[in-house]
Amino acid sequence: MADLHPTDAAEVAAIVAQGRPIEILGRGSKRVIGRAVPADTRLYLDRLGGILLYEPDEMVISAHAGTPLSTIERALAAERQRLAFAPPDWRGLLESASDDQTIGGVIACNLSGSSRLSAGAARDHLIGFVAVNGRGETFKSGGRVVKNVTGYDLSKLMAGSFGTLAVLTQVTLRAMPMADYEATLTVRGLDAAAATKLFSQVLGGPFSIVSAAWLPCELAPSVGLEGDVALLRLEGLEISVKERCAALAQTHRVEVTPLEGESSHSLWKALGDGVPLARDSQAALWRISMPPSVGANFVAALSQARGWLDWGGGLCWLAVADEGDACAASIRALLAESGGHATLIRASESTRARVPVFEPLTPALAALTTRIKAEFDPLGILNPRRMG
Amino acid sequence: MTQGIPYDRTLLARRAAIAADLRRLLPDEAVIADEVGLGAYESDALTAYRQLPLVAALPATTAEVAAVLRYCYESNLKVVPRGAGTSLSGGALPLGDGVLLGLSKLNRVLDIDFANRCVTAQPGVTNLAITRAVEGQGFYYAPDPSSQIACTIGGNVAENSGGVHCLKYGLTTHNLLGLELVLPTGEIVRLGGKHLDAGGYDLLGLITGSEGLLGVVTEVTVRILPRPTTIGAMMLGFDSVEAAGACVAAIISSGLVPAGLEMMDRAAIHAAEAFVRAGYPLDVAALLLVELDGTATDVELRSAQVRAIATAHHASCCHVAANEAERIRYWAGRKAAFPAAGRLSPDYLCMDGTIPRRRLPEVLERIDQLSTEHGLRVVNVFHAGDGNLHPLILYDAEQAGQLERAEAFGADILRVCVEAGGVLTGEHGVGIEKRDLMPLMFNETDLDQQLRVKCAFDDRGLLNPGKVFPQLRRCAEEGRVHVHRGETRFPHLPRF
């Protein structure tokens, strides 16, 4: 077993070019997502760090893939900017001992927080990259401007490929301005179905909702709330936010309690980080994306499960007993009806070996996926089996 | 008759037989093999290139699309998919030895789902028809390319189309939830649906903007947005392009995201004003149009912010549209810039580079120098908010050598864009127009990796070959087939 920590991109290429199976890691904070990788070499990108370019007035930032997320976020915050997809920190959720996560890891896993609903996913904010493919060749795609249709959009393919196509060495992301002001409306006493219905109405209205989530009474205390509670986040100029909050309460005849500024901000940070179900470390955790109108079905369908909703009902976090198939068959049967996909974000290694962690693909799509993988990594040496 | 990409003329002898084969898969009238009928498909909106297809097939269902593709795959026939043919980069230019696959008969809106805020439509539905289908309920489809009355949603997916409002609402890729796609083999796959971030590799994102080289889209699910309650517009004049460019940077980085932020140079202002009387000031060097949307309060407060920024950047005039009629008039001038350029000159070439916003003044100065060097006039309109330039190069195709000069000028402009840290195309696509310029942005390893992606979808290289890439590559082989690597652009293409 060898742990390698290359300090420049040429070293990364040289390591890959040796043609032996490699497990690719930033700082390893998300290592337990997906199947265990059978490889004797672990390639850590943690020493390939540093911001290469940050132009606040162009709202673009480029960094080596191993740059700690906190370094990026600090640099952006100094200019009152941010990554609008709100990359979550799942170290608590995944019981990771890592002291940080890397920007390359965030992108490779396509991790987005609650504001994904309105601001897009990590993949939407990656506008260019440099990577090493499985042949040890360094290639680039995209650029440093947002509006670009030159060639295939390989950034989309990289985001969410969990290091199975290429080793990211450099990423270029769009930066967005921080909000002047934010507030969250809390609406009590709604069950999942009623909350989903409210979300559908409100998101179809003129309120510019940034995030919308629902917590049942047993999970609300984890983020300092109580009762079954629907949460709606608004951003913008303070006068406008307050006006929209008032209009929303009146139009939809709901009693609301607002949370403002920092208390709103930290609430959504906690939700993005998966705090509501993080404490129950014995449970297996699913993250399920589906049409928003059916979100409530998932919370109700499994009697043993505990769940909460984000993305206006389109994302369900579900904790189930970490035994047998961890309810995979039931969850995926529901998805077969509604459309969507489920990822087993956290489970014991034995469960992850038994149950497909990522949504199984149809035969035609699985064959296409295999061909794409082979065109990037013909020897199958980059994170072998991680998504398999 | 002029040609496009060089082709295998021996196939012309098989035209009748191929048409007969296709008529076993489609109704008789859905297969066109006579030269008069085929004439309707000989070019797209990049009219400098023309080529009759071998045969045109017009399927009406996904099953028919799959049957045609399977037949072509088995017969080793090339296929060029086509929506409304509004591509500005020659993406739908037919091949003389290929089947033109027209998708206009797949023209139904299949599902309107307000609860999930999405619409599912067949690829031949026009962009504007999606908005028309939902506007009664207060919704719209955000990407609005200028050709939206004609261009199809399938073509929008193939080109990742943008529009004036993509600054705030994103390109097609950011508004797309699901696709049904037919692979070159005839296999049908579904990507995404009504949910976010489909599982597995993001093939939805990869297909978007792939210019018809990876598969044929037969069904599209897009998200729809509620209409903002208030829309306001402002018009700002500046004595220099530098000052206007600095004002754009200040507006964008202030944190307010306008729904649209457009710039026109002096030539464009004068051309548009003469054409539609939009009320533009004629004594300024650059004009900015700013659109703000949201609640009435948002628009009022943001307008005041923009005004303050404009004043700080020495705007020589600052007008806020007093009413909807005036707002529409501001935009009428910008939207008329292309036809207005058409009044100045018999022909024009529309370029489409994107640059980092702050480089705008120097890039415009360089374009001005190039205009003198090439002896051709240029009119600049600009999606300033996202750095997307549309220089319109004026030329006269009747004058010998002018098209060549216009193309050389265009290539020089794109070279300047890339050198400034920008890209070859912001929203029009590479197509046939810019394929030989790809090495300006990408080295051979970069292009090779893209060509390998093509191989994963299309191992026989049958789908829209000759577009996007300057060279072909045999799949599953290390060697490359160099079609042409010369310095001259499009050496095979006769000019007219």
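Below, all heavy atoms of this structure are taken into account, side chains as well, without hydrogens, waters or symmetry copies. Protein chains get the first letters and strands the later ones, always in sequence-line order, with residue 1 at the start of each.
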With chain A, which of B/Leu256, B/Val453, B/Thr229 has the greatest number of heavy-atom pairs at distances under 4.5 Å? B/Val453

Atom pair CZ (A/Arg371) and SG (B/Cys455), whose distance is rounded to the nearest 0.5 Å: 11.0 Å

Is there a side-chain contact between A/Arg244 and B/Asp298 (heavy atoms, below 4.5 Å)? yes

Check whether A/Phe376 gets within reach of chain B through its side chain, its backbone, both or neither, counting any heavy atom under 4.5 Å. both

Check whether B/Leu225 gets within reach of chain A through its side chain, its backbone, both or neither, counting any heavy atom under 4.5 Å. neither

Can you tell which part of B/Cys118 gets under 4.5 Å to a heavy atom of chain A, answering side chain, backbone, both or neither? neither

Residue, of A/Asp180, A/Leu365, A/Thr164, that accumulates the most heavy atom pairs under 4.5 Å with chain B: A/Leu365

To the nearest 0.5 Å, tell me how far A/Thr362 OG1 sits from B/Arg190 CZ. 10.5 Å

May I ask you to name which of A/Gly151, A/Gly314, A/Ala374 has the most heavy-atom pairs under 4.5 Å with chain B? A/Gly151

Just wondering, do A/Ser240 and B/Thr295 contact through their side chains at under 4.5 Å, heavy atoms? yes

Could you tell me which portion of B/Ser254 (side chain, backbone, both or neither) has an atom closer than 4.5 angstrom to a non-hydrogen atom of chain A? neither

Report yes if some heavy atom in the side chain of A/Thr150 is under 4.5 Å from a heavy atom in the side chain of B/Val430; otherwise report no. yes

When the 4.5 angstrom heavy-atom criterion is applied to B/Pro356 and chain A, the contacting part is both

Measuring heavy-atom distances to chain B, does A/Thr369 have an atom under 4.5 Å in its side chain, in its backbone, in both, or in neither? both

Among A/Gly340, A/Ala121, A/Pro378, which residue forms the greatest number of heavy-atom pairs with chain B at distances under 4.5 Å? A/Gly340

With distance as the sole test, does B/Asp446 use its side chain to make a donor-acceptor pair with the main-chain N or O of A/Lys140 at under 3.5 Å? yes

Choice from A/Thr196, A/Leu203, A/Ile239 maximising heavy atom contacts with chain B below 4.5 Å: A/Leu203

Please state whether the side chain, the backbone, both or neither of B/Leu191 comes within less than 4.5 Å of a heavy atom of chain A. side chain

Please classify the contact between B/Arg223 and chain A as side chain, backbone, both or neither, with a heavy-atom cut-off of under 4.5 Å. side chain

Would you please indicate yes or no on a ring centroid separation below 6.0 angstrom for A/Tyr152 and B/Phe457? no

Among B/Thr297, B/Asn116, B/Asp113, the residue with the most heavy-atom pairs under 4.5 Å to chain A is B/Asn116

With only heavy atoms counted, which part of B/Phe442 is less than 4.5 Å from chain A, the side chain, the backbone, both or neither? both

Choice from A/Glu359, A/Arg144, A/Met178 maximising heavy atom contacts with chain B below 4.5 Å: A/Arg144

Counting only N and O atoms by type, is there a donor-acceptor contact under 3.5 Å from the side chain of A/Ser293 to the main-chain atoms of B/Ala115? no

So which of B/Gln450, B/Lys194, B/Gln305 has the biggest tally of heavy-atom pairs under 4.5 Å with chain A? B/Gln450

Rounded to the nearest 0.5 Å, how far apart are SG of B/Cys166 and NZ of A/Lys147? 3.5 Å

So, does A/Glu58 use its side chain to make a donor-acceptor pair with the main chain of B/Arg357 at under 3.5 Å? yes

So do the side chains of A/Phe139 and B/Leu447 get within less than 4.5 Å of each other, counting heavy atoms only? no

side-chain contact (heavy atoms from CB on, under 4.5 Å), paired with A/Val149, selected from B/Asn160, B/Thr354, B/Leu424, B/Thr208: B/Asn160

First locate atom CD of B/Gln449, then atom OG of A/Ser141, and finally report the distance between them rounded to the nearest 0.5 Å. 9.5 Å

If I measure from the heavy atoms of chain A, does B/His383 come under 4.5 Å with its side chain, its backbone, both, or neither? side chain

CG of A/Leu368 to CD of B/Glu187, rounded to nearest 0.5 Å, is 8.0 Å

If you count heavy-atom pairs under 4.5 Å between each of B/Gly422, B/Ala456, B/Ser253 and chain A, which one has the most? B/Ala456

Side chain proximity check, B/Ile252 to A/Asp57, heavy atoms < 4.5 angstrom: no

Proximity breakdown for B/Met438 and chain A, heavy-atom pairs closer than 4.5 Å: side chain

Which one of A/Val146, A/Thr138, A/Leu165 has the most heavy-atom pairs closer than 4.5 Å to chain B? A/Leu165

Is it the backbone or the side chain of B/Asp459 that comes under 4.5 Å from a heavy atom of chain A, or both, or neither? neither

Do NZ/NE/NH1/NH2 and the carboxylate oxygens of B/Asp197 and A/Arg116 come within less than 4.0 Å? yes

Name the option with the most non-hydrogen atom pairs under 4.5 Å to chain A; the candidates are B/Asn388, B/Leu177, B/Val468. B/Asn388

Proximal component of A/Met59, with respect to chain B [non-hydrogen, under 4.5 Å]: both

With no hydrogens and no angle check, do the side chains of B/Thr445 and A/Glu137 hold a donor and an acceptor under 3.5 Å apart? no

